[in-house]
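Below, all heavy atoms of this structure are taken into account, side chains as well, without hydrogens, waters or symmetry copies. Here is the naming used below: chain letters follow the sequence lines, and residue numbers restart at 1 for every chain.
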There are 4 protein chains.
Amino acid sequence: MSPRKVDKAARRKEILTAAVKLFASKGFAATRIDDIAAEAGIAKGSVYLYYDSRDALLEAAFEAYRAMSADIFDRAVNGPGPALERLAGLVHSVLDVLAARREPARIMVDLWAASRDAEKSPVDMAAVYGDARAAVAELLRQADKEGALRAGVSEHHATVIVGALEGCLLQCLVDPGLPATELAEPIIQVCLEGLRRPAA
Amino acid sequence: MSPRKVDKAARRKEILTAAVKLFASKGFAATRIDDIAAEAGIAKGSVYLYYDSRDALLEAAFEAYRAMSADIFDRAVNGPGPALERLAGLVHSVLDVLAARREPARIMVDLWAASRDAEKSPVDMAAVYGDARAAVAELLRQADKEGALRAGVSEHHATVIVGALEGCLLQCLVDPGLPATELAEPIIQVCLEGLRRPAA
Amino acid sequence: MSPRKVDKAARRKEILTAAVKLFASKGFAATRIDDIAAEAGIAKGSVYLYYDSRDALLEAAFEAYRAMSADIFDRAVNGPGPALERLAGLVHSVLDVLAARREPARIMVDLWAASRDAEKSPVDMAAVYGDARAAVAELLRQADKEGALRAGVSEHHATVIVGALEGCLLQCLVDPGLPATELAEPIIQVCLEGLRRPAA
Amino acid sequence: MSPRKVDKAARRKEILTAAVKLFASKGFAATRIDDIAAEAGIAKGSVYLYYDSRDALLEAAFEAYRAMSADIFDRAVNGPGPALERLAGLVHSVLDVLAARREPARIMVDLWAASRDAEKSPVDMAAVYGDARAAVAELLRQADKEGALRAGVSEHHATVIVGALEGCLLQCLVDPGLPATELAEPIIQVCLEGLRRPAA
DNA sequence: TATGAATGAGGCTTCATTCAT
DNA sequence: CATGAATGAAGCCTCATTCAT
């Protein structure tokens, strides 16, 4: 509201951006508060004016990731057009995001590691994937209502679709040589076409 | 004359087992050498008689994982029977291993994190997934020779299959509530049936 | 805005002084970083804000010693008056410094030890003695030009003069009972008078 | 006496030789018991059958050095011929020993460091130099009795002569490029000729 | 609000010494 | 006597966090 507020929020974001960049490139474990401060162009102590701790920065990075992910999935669920096409579009979206900003995406490996102990850590990737599965399941239900699916499509298929997406993403993260965008169509073919009701 | 008798190889394995257990439950970053020593029932300094450093233990864990993984894929590639059935068996194997020893499997998130900088780290998950893709691609080629595949199956499909497998695995790791074994059939349906040549 | 104000150079010097004191009294090998910090009245970790490592402190001590040594020798070489008198003054200077601050001087034994492997160690006493020999040789050349020397005075005599100086110093260091200052005249008599051109 | 005794003494000497070699080349601080054992061709634990501790090995090295030094000086004091010639011979002996076995001689820098705290350490270089000064003083007294000295030669001259010897030795140790043997004559000229009674 | 010097707990690793065989 | 695996105390160094300015 007040101009100060704006500054503060902007500064928070700058710091988070710096942190994410470094977490992605060197990993959370190897990223020092000094590094983040330097990257953000501020003094080390100032970081603590905006974030309570180093862990809080990872958590913030997680929240940003979660928001972005939720946004993509929500758009697919609530968008216009046939459900299966929206699902296909979702696959493209995810991989396009990855391809466009491959480096920042590498932060995910640290998010996975941080979400190991679901109780203690505020980084809860289980929830993210749960949401993703729910969204895909909803899309499948919509497609079913539209009469687009063959019989026998279950919840587990949503898990497999999310798995294929994340599994391809994982391979791309770990092996920068892989062409993320090119994988969208194969994923769609493999995961979606098999579920489609055969054209009469 | 006869020095204290110990099976160095066995002791090495004990220590590695202890380390893997802890890496899996608390994470590599949170696991102290003292913890490992205590878990293995030896003194802290003794760990260094068998491993050069804490990192070396993670590397050893990786090698063990890699060997196990390679073994499963090799068996599928070189086994008897129709290629597509061997591929289906492979999917079951991977998920059964995960289900049987879910906790130790959680070490993978640290292996992903450790393989971030492919040059510096000896933990090279890219190679593991490269091998996995090659194995699946080989199985697809075999299936094609057997006339079991529809036309248009490419290398990328191998990536998608490996992705679906690893992506389901990832979800299981992150969300212990998911039933790993039950995912095998959906994966097979989604990933393999769509590639099969339609029965004439 | 105005950060905590400290004179970093002064703090560096304080730490070095503390380190030298301890190196001298207990020896480098027996001196802990904690000891140095305590002596300097700061926390252990703070030492590392000013010096990269324990070795760096010994190196700094060496540089200080080298500078002081070079200063004494330079002053003798470039000073006014007959060269042989400047040489005699040099002998007095060296021993006076030793007598005045005998304890700190004991750091030299560690400098000798540290300069053992000339390639790896930045502590290069060989260079210090080389410089000392060069300075004395220059003084002898000057004395020769002044016609003050007998014939046959060679480079090796510079080595012997430096040797007598350092050898007396060594004895004083090792045996605190020896009276450093009293040795100046005997050194001068023995080392310099024998080189003087007999009065015609 | 018993054959065992002979073996034991021989083994002790082997270990000491190995230790001295390593102390000389890497320094006492950098020499591990494992290194010594390996160099001596025995197991690490066996070192302790012959020496009580690592420090005891340095002490033994010191004793050997002290014995050798005492031997050289004693021979000069008790030998035949004019005292000044025996003193000159002594200078040659010391430098010849250094030249012949320059590497092992480097152990002296560690002996100096170890004798820092004269009370606690059994390595007592002060005593060695005290003995050396006493021996040279005795030689000067003998020379005086023989009427070979000019008037006014004092105890301090012995200190200077020992100093010149040790100081040259120090320079040779620290700077392997210096020709030890060539320094004998200059030392003799500088240190002894000046003390000689002028030929009538 | 911003700074950056200071802190000190904590981790990894080394290595002299011991001791069961 | 000999071995070498095991021990564990100790030291160096790092770095998240604090706080005086």
Side-chain angles (χ1 to χ4, degrees), chain A residues 4 7-8 11 29-38 40-57, chain B residues 1-8 11-12 15 29-37 40-57, chain C residues 1-8 11-12 29-38 40-57, chain D residues 4 7-8 11 29-38 40-57:
Chain A
R4 284 286 171 217
D7 278 350
K8 181 140 185 173
R11 184 62 62 93
T31 300
R32 312 282 149 245
I33 291 285
D34 304 65
D35 301 332
I36 296 169
I42 61 174
K44 172 163 52 163
S46 303
V47 172
Y48 287 87
L49 297 175
Y50 297 89
Y51 290 94
D52 281 345
S53 69
R54 184 164 159 274
D55 284 341
L57 276 161
Chain B
M1 280 302 161
S2 75
R4 194 181 292 197
K5 187 71 174 303
V6 278
D7 186 337
K8 293 203 65 159
R11 184 59 61 92
R12 255 184 82 91
I15 294 171
T31 300
R32 310 287 147 238
I33 288 285
D34 306 64
D35 301 334
I36 297 171
I42 61 177
K44 174 170 39 168
S46 303
V47 173
Y48 289 89
L49 297 175
Y50 296 89
Y51 291 93
D52 281 345
S53 68
R54 186 163 155 276
D55 283 342
L57 276 162
Chain C
M1 278 301 161
S2 73
R4 194 180 293 197
K5 186 72 174 303
V6 279
D7 185 340
K8 294 204 63 158
R11 185 56 62 93
R12 254 183 84 89
T31 300
R32 311 283 146 244
I33 288 284
D34 305 66
D35 300 333
I36 297 171
I42 60 176
K44 175 171 38 168
S46 303
V47 172
Y48 289 89
L49 297 176
Y50 296 90
Y51 291 93
D52 281 345
S53 68
R54 187 164 153 274
D55 283 341
L57 275 161
Chain D
R4 283 287 171 214
D7 276 352
K8 181 139 187 177
R11 184 61 63 92
T31 300
R32 311 282 150 245
I33 291 285
D34 304 64
D35 300 331
I36 296 170
I42 61 176
K44 172 163 52 164
S46 304
V47 172
Y48 286 86
L49 297 174
Y50 296 90
Y51 290 92
D52 281 346
S53 70
R54 185 164 159 272
D55 283 340
L57 275 161

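- Using a 4.5 Å heavy-atom threshold, the side chains of C/Val47 and C/Leu57 count as touching.
- When the nucleotides F/dC1, F/dA6, F/dC15 are ranked by their closest atom to the side chain of D/Tyr50, F/dC1 comes out on top.
- Considering CD1 of D/Ile42 and CZ of D/Arg11, their distance stands at 6.0 Å, rounded to 0.5 Å.
- Picking from E/dT17, F/dT7, E/dT7 the nucleotide with the shortest atom distance to the side chain of C/Leu49 gives E/dT7.
- The strand DNA chain F forms stems, runs of 3 or more Watson-Crick or G-U wobble pairs with distances below 3.5 Å, at E:2-21 with F:2-21.
- The phosphate of F/dT14 (OP1 or OP2) has no side-chain N or O of A/Arg32 nearer than 4.0 angstrom.
- As a whole-Å value, the separation of B/Ile33 CD1 from E/dT13 P is 6 Å.
- For D/Leu57 and E/dA16, the CG to P distance is 11 Å, given to the nearest whole Å.
- In this structure, B/Ser46 and C/Arg54 both approach DNA chain F, and ranking their closest nucleotides by distance from the 5' end singles out B/Ser46.
- Remark on DNA chain F: of its neighbouring residues C/Asp52 and B/Gly41, the 5'-side contact belongs to B/Gly41, judged by nearest-heavy-atom nucleotide.
- For the pair D/Ile33 and D/Arg54, the tightest heavy-atom approach, listed with the atom from each and the gap, is CD1-CB, 3.9 Å.
- Within 4.0 Å (heavy atoms only), B/Tyr51 reaches no atom of the nucleic acid at all.
- One atom, CD1 of A/Ile36, and another, P of E/dG4, lie 17 Å apart when rounded to the nearest Å.
- Taking atom CG of C/Asp7 as the reference point, atom C1' of E/dA6 lies 16 Å away to the nearest angstrom.
- Toward the 5′ end of DNA chain E lies the nearest nucleotide of C/Ala43, the other residue of the pair C/Ala43 and B/Gly45 mapping further downstream.
- Closest to the B/Asp34 side chain, of the nucleotides F/dC15, E/dC12, E/dC15, is E/dC12.
- Between the CG atom of D/Asp35 and the P atom of E/dT14 there is a distance of 13 Å, given to the nearest Å.
- As rounded to whole Å, 11 Å separates atom P of E/dG4 from atom CD1 of A/Ile42.
- Between B/Arg11 and F/dA5 there is no side-chain N or O to OP1 or OP2 distance below 4.0 Å.
- Between B/Lys44 atom NZ and E/dC15 atom C1' the separation is 13 Å, expressed in whole Å.
- Shown here for C/Leu49 and C/Lys8, the closest heavy-atom pair between the two residues is O-NZ, 4.3 Å.
- Listed candidates were E/dA2, E/dC12, F/dG11. Nearest to the side chain of B/Tyr48 is E/dC12.
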